[in-house]
Amino acid sequence: MQKKVTKIGVMTSGGDSPGMNAAIRAVVRTSIYNGLEVYGIMRGYAGLIDNDIFQMDSRSVANIIQRGGTILKTSRSEDFMTPEGRQVAYDNLKEKGINGLVIIGGDGSFKGAQVFSNEFDIPCIGLPGTIDKDIAGTDKTIGFDTAVNTAVEAIDKIRDTMDAHDRLFIVEVMGRDAGYIALHSGIATGAENIVIPETKTDIEELIASLSEKEKRKKLVNLVVVAEGGEFGDANALDAIIRKRIPNAETRVCILGHIQRGGSPSCEDRLIASHMGYYAVESLILGRYNVMVGVVNNKICYTPLDKAVKEKQKIGLEWMKIVKILAS
Ligand code: F6P
């Protein structure tokens, strides 16, 4: 593997997350501070293959730290999964002399980076940018804090209606394979039940707890379910509940993509800025093919293959606490 990085490419890949712009800004300005050239790659790996690559300067990232989405746009590229696609991507980088990459995205994006860096002599650094918070080697991911606060704000509003009408609400939050948004937003909004993909839910116990509350006229009940829950989506769970508790007046609300957008929270701007800075420093120091993460509030580095293979472990003792607090 070649050693000295002089031209850095930066891209965002996979689902967008609030704070990606702050991370791009940090990568661009830290690169320029260190005398390196920096290039923006549009639409993630797709732009790498299409040669949609442009040189950035300090001004290219002015006035973006507070903006959601990503100025570099993002996508999930099928072509990059093929050796032919990766060869074209490599040729495009070579032609511009780009010899280091920063990829801001989730585990799917890191898988691509890992394969790419194994095949070619391009050092890659991953920054965890996903609202799902489902990547090993970091306590925090760029976007989670904003997304979970968006969910909390929305559920608080729904609670007003729940309370006014004595209703049972089933609120679905994002997280195909990960229950962090459901767990955190559910705890923070006083949910009676939380359904996440990481644990088996005892449906009999869930029905019994809702029936018992109905009997003693605790009619305001909130179930927060991750979209990847074992019973299917929130509508599927609602159908089960309606069948078993016919008297309950239930409503379903699916929060959806509202959770992905919006101005990043202070926390997301901070971790994005911090991680972006250390991504460039890593490339300069020759610490390649790692993901920059935060563990116990300290920056740390995890080999990309480890970040790809494992998921962040969920603190399951919370599920017990939820039951006690919701009684
Ligand atoms: O990975 C982030 C995420 O928002 C998941 O929580 C969700 O399942 C998925 O992306 C939705 O993806 P898309 O925007 O492609 O429908």
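Order of appearance sets the numbers: ligands from 1, and atoms from 1 within every ligand. The figures here come from the full heavy-atom set of this structure, side chains too, leaving out hydrogens, waters and symmetry mates.
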### Part of I181 within contact of ligand 1 (heavy atoms, under 4.0 Å)
neither
### Query
Hey, any chance V280 and I32 share a hydrophobic cluster, counting ILVMFWY side chains that come within less than 4.5 Å of each other, even indirectly?
yes
### Query
Taking only heavy atoms of I131, which atoms of ligand 1 are found under 4.0 Å from at least one of them?
4 (O)
### Query
Is G175 in contact with ligand 1, taking contact as a heavy-atom separation below 4.0 Å?
yes
### Task
Compare D132, D177, T74 and give the one whose heavy atom is closest to atom 5 (C) of ligand 1.
D132
### No-hydrogen, no-angle side-chain donor-acceptor test under 3.5 Å, N51 and K96
yes
### Between D238 and T250, a side-chain donor and acceptor under 3.5 Å
yes
### Task
Would you verify whether the NZ or CZ of R86 falls within 45 degrees of the ring axis of F120 while also being under 6.0 Å from that six-membered ring's centre?
no
### Message
side-chain hydrogen bond (donor to acceptor under 3.5 Å, both in side chains) for N149 and T146? Distances and angles first, verdict last.
### Response
CA-CA 5 Å; N149 277 298; T146 310; over 6 Å; no
### Message
So is Q259 touching ligand 1 or not, going by heavy atoms under 4.0 Å?
### Response
no
### Query
Can a donor-acceptor pair be found between the side chains of D16 and T74 at a distance below 3.5 Å?
no
### Summary
Nearest non-hydrogen protein atom to atom 15 (O) of ligand 1, with distance, is R76 NH1, 2.6 Å
### Task
Starting from atom 9 (C) of ligand 1, locate the nearest protein heavy atom and write down its residue, its atom name and how far away it is, to 0.1 Å.
R176 NH2, 3.7 Å
### Message
Considering K133, R260, H257, E227 one by one, which has a heavy atom nearer to atom 10 (O) of ligand 1 than any of the others?
### Response
R260
